[in-house]
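Position 1 is the first residue of the sequence; numbering continues from there. This is a predicted model, so every value here is computed, not measured.
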Amino acid sequence: MTGLRTMVLWCPDWPVVAAELVEGVPSTDPVAVLHANRVVVCSEPARAEGVRRGLRRREAQSRCPRLTVVAHDPARDARAFEPVVAAVEELVAGVAVVRPGMCAVPARGPARHLGGEEVAAERIIEHVAQACAVESQVGIADGEFAAGLAARSGRVVPPGGTPRFLADQPVEALGRPALADLLRRLGICALGDFAALPPGDVLARFGADGALAHRLAMGRDHRPLAVRRPPVDLTVTADQDEPLDRVDAAAFVGRALAERLHDRLAAYGLACTRLGIEAVTAHGQELHRTWRHDGLLTAAAIADRTRWQLDGWLSGGRSGAAPVRPTAGIVRLRLVPDGVVALGALQPGLWGEAGEERDRAHRALSRIQGLLGPEAVVTAVLGGGRSPADQVRLVPWGDERRSARPGSPTPGWLPDRPGEPPWPGRLPPPAPAVVLPEPLAATVRDAVEEPVVVSARLAVSAAPAWLTIGAGRPVAITGWAGPWPVDERWWEPATARRRARFQVCLADGAALLLAVEGGRWLVEASYD
């Protein structure tokens, strides 16, 4: 049984082409893509200089001194290949991405629609070249594996001729170096010799993977094409004849656009959790901002965030920041749902299960934001850090509650959980109940009324006995612990900070967190 008639589009040296498209590396020069210090792909000029796959970096550079080295990046290759796949989907349906640089499609549909297999192959190659400025080759055969080999020479294998075509291919074409090396040592150098072996003997000698490779050598694919579903374009755009330079006019357009986006998402049973707002001015300036949300963005929530962002752009910078007002009015506004989920796919949030109470609280807080701005309602997010002030960050209500620092503390400030980055110098438990927005100046003295000093080697001159906060009265210290040193950003003198912290209990029942920095004592937080 032969495989499905398949058409494969292959872009030679794709990691090199992707580096040119994304990073501007000229592929007309000798270029090599390296992984684990070995060449995995190189350009044609590099091959002409003697560079080959598998060479170590130093040997490749010795053969070609002007070689440009690029790190292997599968994510970059996949991103750059997406426009190529989209261009193929403009002509044919049912495209399956084999890997970045290679995609496959059943050949029957394009052949019938475009007037034959050869004509379809030429049309696809020409369309990809015009749409993406990328060179490609197409191979057609019975099965994805054989079509992929045929694409390397731009060949169309006639129906039924796949076994004969594969018979002359070397065993290295299977893409299994260990198996190919073993077969060559056994005297099997071509796929035809390998395909002639009994399947039962191949399974017993080479295992399941060897049996799959045997099926490929016989021209039988072991799985159907995993065709992808073209992504739905959910973006909504509004073009303006007259530039929008007033916030109220722009907000009116933004609200209508938000309702269109919400209706389009609802038609597909989706909801937005991350919203991209893009604008283009009359002078061609492009503006972009992404808003994240911890729940589902309703039409009103989308409209509010659009209005807030337009207000920020058209009103310019605030709080002493540099002006960011565009030089011309907005002529194009676009809303892009960067993150979507199926309706009902989110976990319950702060207000428990979804219901009337949660919806009422959400509407009330969103209404306050609509009146006073997004920063009027904030929630606390725990994150990593060494001091209490570093471990709490306030984010606007509705924004994604993600810590800006890795290593969020567990409830009760337990030690770092497995898999979290450690924070050397983090305060031991218990956690302070109140963190002062601005530390208070204090004085710490010993039993004979002499100031307590902490040396550079963290030696305490005497046991702390009295604490005076500001101009207040001295209070006796009944217990203390420390010092815990913190030496942060020592490599950057402008922001370097070195201090030691103490926990103290006072005679009046209070418990405080103290810090000494530059010879000055400060009160940073208090305990219950």
Side-chain angles (χ1 to χ4, degrees), residues 6-35 38-55 60 63-64 66-89 91-92 95-105 107 110 117-118 120-141 143-157 165-166 168-170 172-175 177 180:
T6 305
M7 176 185 300
V8 169
L9 179 135
W10 173 63
C11 300
D13 306 327
W14 179 252
V16 175
V17 178
E20 179 182 24
L21 295 175
V22 177
E23 301 178 2
V25 179
S27 60
T28 55
D29 296 341
V31 179
V33 179
L34 268 67
H35 178 63
R38 289 186 179 273
V39 177
V40 292
V41 179
C42 57
S43 63
E44 181 60 34
R47 287 191 291 270
E49 298 286 342
V51 180
R52 295 292 183 269
R53 293 181 60 182
L55 290 181
R63 295 188 180 187
C64 181
R66 58 192 187 96
L67 182 68
T68 301
V69 175
V70 180
H72 180 53
D73 187 354
R76 176 193 61 208
D77 300 344
R79 290 194 306 271
F81 193 57
E82 181 61 27
V84 177
V85 179
V88 176
E89 287 176 335
L91 295 181
V92 299
V95 178
V97 179
V98 180
R99 63 175 182 271
M102 179 180 288
C103 62
V105 63
E117 292 179 343
E118 292 83 356
E122 293 176 359
R123 285 282 303 277
I124 292 175
I125 292 173
E126 181 180 359
H127 184 68
V128 169
Q130 292 178 351
C132 307
V134 171
E135 295 184 0
S136 60
Q137 298 177 190
V138 170
I140 303 176
E144 176 189 330
F145 173 69
L149 295 179
R152 297 182 179 275
S153 56
R155 179 173 176 180
V156 177
V157 180
F165 166 71
L166 292 176
D168 298 331
Q169 300 293 327
E172 286 77 12
L174 293 170

Separation between [atom1] of [X] and [atom2] of [Y], rounded to the nearest 0.5 Å:
| X | Y | atom1 | atom2 | result |
| --- | --- | --- | --- | --- |
| F165 | L149 | CZ | CG | 5.5 Å |
| E144 | M102 | CD | CE | 8.0 Å |
| R155 | I140 | CZ | CD1 | 12.5 Å |
| L166 | F145 | CG | CZ | 6.0 Å |
| I125 | Q130 | CD1 | CD | 12.5 Å |
| L55 | C64 | CG | SG | 11.5 Å |

Side-chain contact test, heavy atoms from C-beta onward, threshold under 4.5 Å: evaluate it for [X] versus [Y] and give yes or no.
| X | Y | answer |
| --- | --- | --- |
| V128 | V88 | yes |
| V16 | V33 | yes |
| H72 | L34 | no |

Steps toward side chain to side chain contact (heavy atoms under 4.5 Å, CB included) verdict (V70, V31): CA-CA 7 Å; V70 180; V31 179; 3.9 Å; yes

Closest approach of [X] and [Y], non-hydrogen atoms and distance?
| X | Y | answer |
| --- | --- | --- |
| A147 | A141 | N-CB, 3.6 Å |
| P45 | P30 | CB-N, 3.9 Å |
| P83 | C132 | O-SG, 3.5 Å |
| A107 | E117 | CB-OE2, 4.3 Å |

Would you find more than 12 non-hydrogen atoms of other residues, nucleotides or ligands less than 6.0 Å from R123 atom CZ? no

Assess whether atom CD of E135 is packed by more than 12 heavy atoms of other residues, nucleotides or ligands within 6.0 Å. no

For the residue pair E20 / S27, report whether a side-chain donor-acceptor contact shorter than 3.5 Å exists. yes

Has the side chain of [X] got a donor or acceptor atom that lies under 3.5 Å from a matching backbone atom of [Y]?
| X | Y | answer |
| --- | --- | --- |
| S43 | A32 | no |
| R53 | V40 | yes |
| R63 | G50 | yes |

Please set out all donor-acceptor pairs under 3.5 angstrom arising from side-chain atoms of residues 7-15, sequence neighbours excluded.
{"unit_1": "D13", "atom_1": "OD1", "unit_2": "R47", "atom_2": "NH1", "d": "3.1"}
{"unit_1": "D13", "atom_1": "OD2", "unit_2": "R47", "atom_2": "NH1", "d": "3.4"}
{"unit_1": "D13", "atom_1": "OD2", "unit_2": "R47", "atom_2": "NH2", "d": "3.0"}
{"unit_1": "W14", "atom_1": "NE1", "unit_2": "D77", "atom_2": "O", "d": "3.1"}

